[in-house]
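Residues take their numbers from the sequence shown, with the count starting at 1. No experiment lies behind these values; they were computed from the predicted model shown.
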Amino acid sequence: MQPNHSLPSSNATQPTASMNAEHSYIDDNHNDSDNGKDNESTEIDQTANRMPMLKPALSLFIVLAITLGLCYPLLMTGVAQVTMPNKANGSMIEQNGSLVGSTLIGQTFDQPEYLWTRPSAAGDGYDAAQSSGSNLGPLNPELVTNVETQVQKLKAADPQNTAPIPLDLVTMSGSGLDPHISPAAAEWQVNRVARIRGISSEQVQKVIDAHTEGRQLYWLGEPRVNVLAVNLALDEMSSTN
């Protein structure tokens, strides 16, 4: 009779496989723990490297803020007040101790005895807090209506004047605050102003010429007439007469 050779039971291999799995799990946990420690150490090293840079950066920020945000503006304000106080304070105009306006911002004049400024789209007109143009394109029907309205207003105020109306008397400026008109626009109104005030056209033209500003540096921009300055001079002339 042949001896019975029994095959090893599958249960005999389980302890070995279990030990291998446990050993692999321990190794993985050990590796993860080492990687976590390495990452934490790297972050600590990076933070330690940044700390020495923080103090000079904050110091530089404070120095620049004080120098450029406080000292420089105060210095420029002081220099401007000493060298050009009128311009530094807004180029204000006073008459008989009362503030009447600025040479830099236009005003609305509707009375026929005054030079009229160009139309304004800034708020209700020449509102410095709402500086803006009309932004109407050349094909916009509203622009055509506005121009026609202004043309009719000018013709109604001086029906005897048949000369072409200068463009700046019927169109708005980009800022809505323009204090000037062209010499041609001022000359177009001379006869009306002279007739209403009872003075000669030559007198009015002389006042306009006296307040006409030339090109900047003799070549920048165009000659222009300050409307407020002319109207104040006309009032002063009338009171003297």
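- With Ser131 contributing its side chain and Ser175 its backbone, the two residues share a donor-acceptor pair below 3.5 Å.
- The side chain to side chain contact (heavy atoms under 4.5 Å, CB included) check on Leu70 picks up Leu74, with sequence neighbours excluded.
- The closest side-chain heavy-atom distance from Ile181 to Gln189 is below 4.5 Å.
- Arg197 pairs by the side chain to side chain donor-acceptor pair (under 3.5 Å) definition with Asp235, Ser238, not counting sequence neighbours.
- In this structure, the side chain to side chain contact (heavy atoms under 4.5 Å, CB included) partners of Gln107, at least two apart in sequence or on a different chain, are Phe109, Leu228.
- Every residue was checked against the side chain to side chain donor-acceptor pair (under 3.5 Å) condition with Asn140, not counting sequence neighbours, and none meets it.
- The closest donor-acceptor contact from the side chain of Gln152 to the backbone of Thr149 lies at 3.5 Å or more, if one exists at all.
- Side-chain atoms of Arg192 come within 3.5 Å of backbone atoms of Pro112 as a donor-acceptor pair (strictly under, hydrogens ignored).
- Nearest heavy atoms, Gly123 versus Gln130: CA-OE1, 3.7 Å.
- A salt bridge (charged side-chain N to carboxylate O under 4.0 Å, His left out) check over residues 156-182, counting only residues at least two apart or in different chains, returns the pairs Arg118-Asp178, Asp158-Arg195.
- The ring-ring contact (aromatic ring centres under 6.0 Å, His included) analysis of residues 173-213, with sequence neighbours excluded, yields no pairs.
- The shortest distance between side-chain heavy atoms of Val151 and Ile165 falls below 4.5 Å.
- Residues Gln150 and Leu169 have side chains not in contact (no heavy-atom distance under 4.5 Å, counting atoms from C-beta outward).
- Considering only heavy atoms from C-beta on, Val207 comes within 4.5 Å of Met237 through its side chain.
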